[in-house]
Novice: 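Below you will find the structure I want to go over with you.
Numbers for residues simply follow the sequence, beginning at 1. Computed from a prediction, not measured in an experiment: that's the story for all the values here.
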Amino acid sequence: EPKLSSGTSTVICLHPSTTKQGKAEHLCASSSVSVDQCLSQFSLLSFFFFAFLVKRALDKGKKDKMISLLSFVLFCLTFANNAYRAESLHKVFANPGGNVTLPCQLTRNTGLSFGGMGTRIKWTKIEDAFTEVDVLVSMGFHKVKYGRFQNHAHLREADENDATLIINNLQLEDFGTYRCEVIRGMDENIVEVEIRMQGVVFPYSPRLGRYNLNFHDAEAACLEQNAVVASFNQLYQAWKGGLDWCNAGWLSDGTVQYPITKPREPCGGTRAGAGLRSYGQRDKANSRFDVFCFTGGYDGQVFFVDQKLTYTEAVQACQDDGAELAKVGHMFAAWKLHGYDRCDAGWLSDGSVRYPISRPRMKCSPTEAAVRFIGFPDKKHRVYGAYCYRAHQ
């Protein structure tokens with residue numbers, strides 16, 4: 001059985017059945033090194049351990065045991081080399097009600113196989129660090145789907161190595177991370193795929209400052225920034241993705257809410273825990289808050305003009321390049337959906353100055369990936385560059 005030796009970070013397996021990814025990776029995940037390092041240590045220690053046993057058998061002149069051990073060593077090393085084929089996390093984007101394809105393929109790494117043994121495919125949904133929900137299990141002609149996935153999930157099966165999962169009519173609870181395990185003989189592949197909602201939610205307040213928008217003003221403000229007022233489901237998904245914002249904003253159903261992932265006293269206290277804090281329905285004409293906008297992306301290019309410009313000069317610089325000054329929605333979509341990263345503050349069309357950081361580093365948002373907000377400076381200041389947006393023709 002697998003054992004995790006005290007004071008070390010190494011998995012030692014004494015039987016080939018224990019080399020299955022789930023068991024070894026679980027133990028490795030509990031150690032102080034990465035899973036890949038841990039598994040590499042496993043292979044190396046396995047070699048030395050069994051080499052020691054071979055030498056011991058030779059010293060005792062037990063040739064039969066030596067032959068058995070040599071065969072066993074070859075088996076274990078081959079298995080250890082091929083069993084762990086976990087790939088990096090893939091990300092796919094989709095919208096509620098749409099269809100999504102989660103790619104997974106078996107990569108043939110060795111010619112060794114067990115005669116007549118078919119391909120085993122298992123898909124699970126990772127709810128948290130300790131919980132996985134079964135989605136589908138397939139072994140040859142036998143397929144079992146579980147729970148709510150029975151009616152809207154199936155395998156594509158384009159060829160004998162294809163374990164791709166297709167989910168139809170996506171529901172809110174379908175978004176998240178899935179794991180594919182596919183095994184045939186001595187070959188095994190493990191892939192994780194995250195389904196993210198297509199688009200990005202962002203908080204918005206105008207030049208006038210915090211809490212100055214009634215519901216109708218909020219709708220207009222989002223439209224001006226290439227977005228719409230976000231729905232509850234969109235804000236909920238953004239919160240699950242890590243959005244934390246302490247200012248309350250309008251949602252499309254007329255409620256006012258705000259997402260908290262790190263409970264703290266200035267933002268509703270710590271007793272309520274993480275979640276969406278709600279003020280409930282508010283008077284659309286007279287109540288004033290910020291707004292959460294949602295943009296589904298864009299069909300074009302966001303780029304930076306690296307010059308010191310006033311606001312008016314920034315507008316002209318973009319026009320000279322066949323573009324327009326980018327909207328706040330363009331900036332957030334470029335950052336969230338395309339990984340746009342630039343440590344230079346620049347004008348946007350609403351008169352604000354911002355910059356997108358996808359790779360946190362010193363002097364450029366050291367603690368988190370974010371669109372950094374400088375403010376609404378005097379438009380006559382010749383201090384910042386310009387972020388432009390050029391639509392594809």
Side-chain angles (χ1 to χ4, degrees), residues 88-93 177 194 196-207 209-210 221-222 225-227 230 234-235 237-247 249 258-262 264 266-267 274 290-298 300-309 311 314 317-318 321 323-377 381-390:
S88 59
L89 179 68
H90 297 279
K91 296 176 184 178
V92 296
F93 294 92
T177 302
E194 181 184 3
R196 289 190 175 184
M197 191 175 293
Q198 178 69 48
V200 57
V201 171
F202 61 94
Y204 187 77
S205 57
R207 175 181 288 273
R210 180 173 179 258
C222 288
Q225 301 310 317
N226 194 49
Q234 289 164 344
L235 183 63
Q237 184 67 26
W239 167 75
K240 287 184 67 177
L243 180 62
D244 182 283
W245 196 254
C246 202
N247 293 345
Y258 62 101
I260 294 296
T261 59
K262 300 182 288 288
R264 51 202 182 275
C267 303
D290 293 343
V291 61
F292 288 99
C293 302
F294 175 83
T295 180
Y298 55 81
Q301 176 192 12
V302 173
F303 61 95
F304 183 70
V305 176
D306 193 3
Q307 301 175 29
K308 303 299 184 184
L309 305 167
Y311 177 83
C318 292
D321 210 346
E324 62 180 295
L325 206 55
K327 302 178 186 298
V328 178
H330 294 143
M331 170 69 76
F332 273 92
W335 164 72
K336 188 71 172 181
L337 303 181
H338 302 284
Y340 192 38
D341 182 282
R342 179 101 194 190
C343 194
D344 296 292
W347 293 104
L348 295 180
S349 65
D350 66 339
S352 66
V353 172
R354 308 172 194 247
Y355 62 97
I357 297 297
S358 297
R359 296 178 288 103
R361 54 200 183 275
M362 292 302 297
K363 300 182 180 180
C364 300
S365 186
T367 61
E368 62 179 351
V371 173
R372 288 302 184 187
F373 175 60
I374 302 298
F376 288 91
H381 287 176
R382 187 177 283 109
V383 178
Y384 308 105
Y387 284 98
C388 305
Y389 170 72
R390 184 190 299 116

Novice: With the side chain counted from C-beta on, respond yes when Pro203 and Asp290 share a heavy-atom pair under 4.5 Å apart, and no when they do not.
Specialist: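 Result no, sub-4.5 Å side-chain heavy-atom pair not found.
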Novice: Could you measure the distance from the NE2 atom of His330 to the OH atom of Tyr389? Nearest 0.5 Å is fine.
Specialist: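 Answer for the NE2-OH pair, His330 versus Tyr389, is 4.5 Å.
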Novice: Looking at every heavy atom in both Ala345 and Ile374, which two are closest together, and how far apart are they?
Specialist: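 Scanning both residues completely, I find the closest heavy atoms to be CB-CG1, 4.0 Å.
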Novice: If we only count heavy atoms from C-beta on, is the Phe292 to Pro259 side-chain gap below 4.5 Å?
Specialist: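 Phe292 reaches Pro259 side chain to side chain.
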Novice: Looking only at heavy atoms, which two atoms of Ser205 and Gly209 are closest? And how far apart?
Specialist: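 Ser205 and Gly209 have their closest heavy atoms at CB-O, 4.0 Å.
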Novice: Judged by atom type as modelled, is there a donor-acceptor pair below 3.5 Å linking the side chain of Thr295 to the main-chain atoms of Asn226?
Specialist: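 Yes, because the side chain of Thr295 sits within donor-acceptor range (under 3.5 Å) of the backbone of Asn226.
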Novice: Measuring from Arg382:CZ to Gln307:CD, what's the distance to the nearest 0.5 Å?
Specialist: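 Atom-to-atom, Arg382:CZ and Gln307:CD are 10.5 Å apart.
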Novice: Step through the shown structure and confirm whether more than 12 heavy atoms of other residues, nucleotides or ligands are within 6.0 Å of CH2 on Trp245.
Specialist: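 No.
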Novice: Does any N or O in the side chain of Asp350 come within less than 3.5 Å of the main-chain N or O of Ser352, such that one atom is a donor and the other an acceptor?
Specialist: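 Yes, the answer is positive, given that a donor and an acceptor are paired below the 3.5 Å cut-off.
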Novice: Do you know which two heavy atoms are closest between Cys343 and Tyr355, and how far apart they sit?
Specialist: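 Shortest heavy-atom contact: CA-CD1, 4.2 Å.
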Novice: Roughly how far, to the nearest 0.5 Å, is NZ of Lys240 from CG of Leu235?
Specialist: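 Spacing of CG (Leu235) from NZ (Lys240) equals 13.0 Å.
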Novice: Before you tell me yes or no, could you show the steps for Phe202 and Met331 under side-chain contact (heavy atoms from CB on, under 4.5 Å), namely the whole-Å CA-CA distance, both residues' side-chain angles and the distance that decides it to 0.1 Å?
Specialist: CA-CA 10 Å; Phe202 61 94; Met331 170 69 76; over 6 Å; no
Novice: For the atom pair SG (Cys318) and CZ (Phe304), what is the distance rounded to the nearest 0.5 Å?
Specialist: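 Result: 10.0 Å between the selected atoms.
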Novice: Do Val201 and Leu243 touch side chain to side chain, with heavy atoms closer than 4.5 Å?
Specialist: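 Side chain of Val201 against side chain of Leu243, heavy atoms only: contact under 4.5 Å found.
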Novice: Between Ser358 and Asp341, what is the shortest heavy-atom contact and its length?
Specialist: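 Minimum heavy-atom separation between Ser358 and Asp341: N-OD2, 2.7 Å.
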Novice: Check each of Tyr298, Phe332, Phe303 against His338 using the ring-ring contact (aromatic ring centres under 6.0 Å, His included) test, and report the only one that passes.
Specialist: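 So the option named by the test is Tyr298.
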Novice: Quick check: do Val328 and Val371 have side-chain heavy atoms less than 4.5 Å from each other?
Specialist: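 No, every pair of side-chain atoms sits at 4.5 Å or beyond.
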Novice: Could you grab the distance from atom CZ of Phe93 to atom CG of Leu337, nearest 0.5 Å is fine?
Specialist: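 Here the rounded value is 5.5 Å.
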Novice: Could you walk me through whether Val291 and Gln225 pass the side-chain contact (heavy atoms from CB on, under 4.5 Å) test, one step at a time?
Specialist: CA-CA 12 Å; Val291 61; Gln225 301 310 317; over 6 Å; no
Novice: Can you name the nearest heavy-atom pair linking Leu325 to Ala386, along with the distance?
Specialist: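 Minimum heavy-atom separation between Leu325 and Ala386: CD1-CB, 3.9 Å.
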Novice: Sub-3.5 Å donor-acceptor pair from the side chain of Tyr340 to the main-chain atoms of Ile357, do we have one?
Specialist: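 No; zero donor-acceptor contacts below 3.5 Å.
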Novice: Walk me through it: do Thr261 and Asp244 pass the test side chain to side chain donor-acceptor pair (under 3.5 Å)?
Specialist: CA-CA 5 Å; Thr261 59; Asp244 182 283; 3.1 Å; yes
Novice: Keeping Arg361 on the side-chain end and Arg359 on the backbone end, is there a donor-acceptor pair under 3.5 Å?
Specialist: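 Checking the backbone N and O of Arg359 against the side chain of Arg361, a donor-acceptor pair under 3.5 Å is found.
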Novice: Can you name the nearest heavy-atom pair linking Trp347 to Leu309, along with the distance?
Specialist: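 Trp347 and Leu309 have their closest heavy atoms at NE1-O, 2.9 Å.
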Novice: List the steps and the verdict of side-chain contact (heavy atoms from CB on, under 4.5 Å) for Arg264 and Cys246.
Specialist: CA-CA 10 Å; Arg264 51 202 182 275; Cys246 202; 4.2 Å; yes
Novice: Has the side chain of Arg390 got a donor or acceptor atom that lies under 3.5 Å from a matching backbone atom of Cys388?
Specialist: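 Not a single qualifying donor-acceptor pair exists.
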